[in-house]
There are 2 protein chains.
Amino acid sequence: MISEKTISRLSLYHYLLTTLKEQEIEFVFSRQLANMANSTPAQVRRDLMVTGYEGNPKRGYTINELIVAIEEFMGLKEGVDMVLVGVGSLGRALLSYFYPQKPRYNIVAAFDKGSNSDRVVSGCRVYDIAELAPVLAGQRVTMGIVAVPAGAAQQVTTMLCEAGIHGILNFAPIRVKVPRNVYLENVDLAVTIEKIAWFANRAAGKKE
Amino acid sequence: MISEKTISRLSLYHYLLTTLKEQEIEFVFSRQLANMANSTPAQVRRDLMVTGYEGNPKRGYTINELIVAIEEFMGLKEGVDMVLVGVGSLGRALLSYFYPQKPRYNIVAAFDKGSNSDRVVSGCRVYDIAELAPVLAGQRVTMGIVAVPAGAAQQVTTMLCEAGIHGILNFAPIRVKVPRNVYLENVDLAVTIEKIAWFANRAAGKKE
DNA sequence: TTCACGCTGTGAAATCTTTAACAGCTAGGG
DNA sequence: CCCTAGCTGTTAAAGATTTCACAGCGTGAA
Ligand SMILES: NC(=O)c1ccc[n+]([C@@H]2O[C@H](COP(=O)([O-])OP(=O)(O)OC[C@H]3O[C@@H](n4cnc5c(N)ncnc54)[C@H](O)[C@@H]3O)[C@@H](O)[C@H]2O)c1
Ligand SMILES: NC(=O)c1ccc[n+]([C@@H]2O[C@H](COP(=O)([O-])OP(=O)(O)OC[C@H]3O[C@@H](n4cnc5c(N)ncnc54)[C@H](O)[C@@H]3O)[C@@H](O)[C@H]2O)c1
């Protein structure tokens with residue numbers, strides 16, 4: 001079985017490899033990738049095993065080939081189509097982030113309610129939330145981003161699931177319920193901050 | 001040893017307990033907390049062990065007392081003071097998120113460069129990045145949020161560390177280096193999205 | 001007062017993840 | 001052509017986290 005952590009790290013390696021490629025570097029060793037990823041060489045090699053790609057003991061990994069291997073393994077060739085629900089301050093930041101610089105990640109439609117809808121924000125059409133099902137019916141979108149207030153999050157999540165979405169990225173600070181055939185990831189800023197605050201207090205004790 | 005995951009979950013329980021308290025509920029069982037947290041009763045009980053607080057076999061946990069126990073354990077009583085570097089679209093969303101609704105989390109100062117500085121955004125003064133050290137010298141801030149482009153992230157992270165910060169929340173898509181006495185957490189949206197996309201494809205196969 | 005139920009706290013087992021160790025290989029130098 | 005250094009792939013060990021399972025307790029009912 002392949003773990004969430006391995007998948008996350010593969011995604012990171014993929015990104016790191018593309019930056020190396022931009023610098024016209026051809027080969028890389030596991031120790032170098034580990035260094036860039038704040039990880040260890042053994043971890044990198046173990047992660048890369050799942051892709052089936054094999055490096056060369058003398059040169060390391062051929063960057064071009066490894067990029068392709070990771071893309072094939074993770075299905076990154078086609079890019080990711082997404083919808084966004086909630087075009088408030090966070091939603092707008094996300095829209096401006098993805099458009100137009102990140103062509104691999106495509107927000108194909110956004111939804112809000114009332115007078116916040118029926119507009120175009122950062123190149124993306126904003127529909128009324130009531131149109132979610134009809135608009136999605138025409139698309140082959142796998143992922144939805146939830147950026148509405150906590151009180152509305154469960155409702156829009158359920159709507160997304162019923163519309164055939166299979167992955168949810170939830171920014172609202174509650175733990176929404178999804179059917180078992182939907183993958184859910186919460187990005188909870190309050191939790192993240194309290195965690196950092198806790199470890200920061202501890203880290204402050206260590207030397208250097 | 002107490003793990004990162006336990007700390008994250010305690011933070012979540014704390015939040016969930018405050019919402020129960022608002023509903024004037026007095027007691028809660030581990031199974032109910034688990035349900036709200038998308039977790040298991042055994043996990044909840046094990047997590048709560050570290051606080052030293054003990055529930056009652058018949059009533060469960062007394063919400064008021066458990067909230068206090070978690071706050072004492074995690075040092076949440078005083079709130080968290082932070083600084084933000086990078087007041088672009090993400091930085092502005094963060095400022096509007098924390099001010100004024102989240103009094104526990106306080107962005108005491110923000111920094112940007114050139115003409116983006118010397119303003120007030122969402123109630124927060126934005127200084128020029130060059131003033132980071134002098135402004136921080138007067139404060140007792142433990143955490144810094146990095147929301148600048150990837151190319152500037154290492155530089156501002158190093159500045160924060162040298163100014164005495166012990167926790168970094170990095171939104172830029174690179175893995176910055178920090179001294180060992182600084183706790184680092186990366187929130188990497190591209191990685192998160194690719195992970196969800198991968199598991200969404202798999203989840204789509206499962207039934208129900 | 002006693003009993004039964006269903007919860008908590010926790011040691012032990014199971015599972016998952018990382019790290020260590022090393023055989024085997026490959027390019028380059030002699 | 002053979003040897004060496006230093007890498008990779010992979011198995012095994014170690015370490016971390018979650019789950020199981022159950023003794024023990026507190027309450028409400030009889
Ligand atoms: N702003 C941030 O930096 C930030 C950071 C972390 C988490 N969050 C979380 O993200 C969510 C959104 O935050 P925000 O700051 O953008 O809030 P916001 O109030 O600026 O925006 C919320 C948007 O959701 C829309 N909305 C409300 N109910 C809806 C519904 N039923 N259907 C469709 N749209 C609906 C509103 O019209 C509004 O445009 C919140 O849950 C917040 O806690 C925000
Ligand atoms: N916008 C989003 O939703 C989003 C989401 C995830 C991650 N990110 C990441 O967060 C970071 C910021 O994103 P953004 O969309 O806000 O970018 P942005 O371009 O809107 O803002 C970046 C800000 O940083 C400032 N800056 C640049 N160099 C600086 C320096 N040396 N010192 C101080 N300030 C400096 C710029 O003046 C600008 O105001 C990026 O790394 C991006 O990849 C953004």
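Labels below follow one simple rule: chain letters A, B, ... track the order of the sequence lines, proteins then strands, and each chain is numbered from 1.
- Contact annotation: the side chain of A/H166 approaches that of A/N181 to within less than 4.5 Å [non-hydrogen atoms, C-beta and beyond].
- Residues A/T158 and A/Q154 have side chains that bring a donor and an acceptor to within less than 3.5 angstrom of each other.
- Residue A/R45 places none of its side-chain N or O atoms closer than 4.0 Å to OP1 or OP2 of C/dA20.
- Contact annotation: side chain of B/R46 to base of D/dT19, donor-acceptor pair present below 3.5 Å.
- A straight line from CZ of B/R31 to P of D/dT19 spans 15 Å, rounded to a whole angstrom.
- In summary, the side chains of A/D81 and A/N106 do not present any donor paired with an acceptor at a separation below 3.5 Å, with no hydrogens or angles considered.
- B/Q32 places a side-chain N or O within 3.5 Å of a backbone atom of B/F29 that can act as its donor or acceptor partner.
- Nearest-nucleotide positions on DNA chain C for A/I2 and B/G60 put B/G60 closer to the 5' end.
- Atom CD in B/Q43 sits roughly 13 Å away from atom C1' in C/dC16 (whole-Å rounding).
- Atom pair A/Q32:CD and D/dC7:C1' shows a separation of 11 Å (rounding to whole Å applied).
- The separation between B/M49 atom CE and C/dC7 atom P is 20 Å, rounded to whole Å.
- Rounding to whole angstrom units, CD of residue A/E54 and C1' of D/dG9 are separated by 7 Å.
- Using cut-offs of 30° and 60° on the angle between ring planes, the pair B/Y105 and B/F98 is perpendicular.
- The pair A/D47-A/K5 does not count as a salt bridge, with every side-chain nitrogen at least 4.0 angstrom from each carboxylate oxygen.
- Residue B/T40 is classed as a sugar-phosphate contact, given heavy-atom separations below 4.0 Å to backbone atoms only.
- Rounded to a whole Å, the CG atom of A/D47 is 11 Å from the P atom of C/dT19.
- Whole-Å rounding puts the B/L66 CG to C/dG9 P distance at 10 Å.
- For A/F29 and C/dA27, the CZ to C1' distance is 11 Å, given to the nearest whole Å.
- When distances are taken from the side chain of A/P57 to each of C/dC25, C/dG6, C/dT19, the shortest belongs to C/dC25.
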Filtered N/O pairs between nucleotides 27-29 of chain D and protein, under 3.5 Å:
unit_1	atom_1	unit_2	atom_2	d
D/dT27	OP1	B/N56	ND2	3.1

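- For the residue pair B/S8 and B/S11, no side-chain donor N or O sits within less than 3.5 Å of a side-chain acceptor on the partner.
- Taking only side-chain atoms of B/K5, from C-beta outward, the nucleotide of D/dT10, D/dT8, D/dT18 with the closest atom is D/dT18.
- Residue contacts for B/Y53: at a heavy-atom cut-off of 4.0 Å it reaches the sugar-phosphate backbone alone, with no base atom in range.
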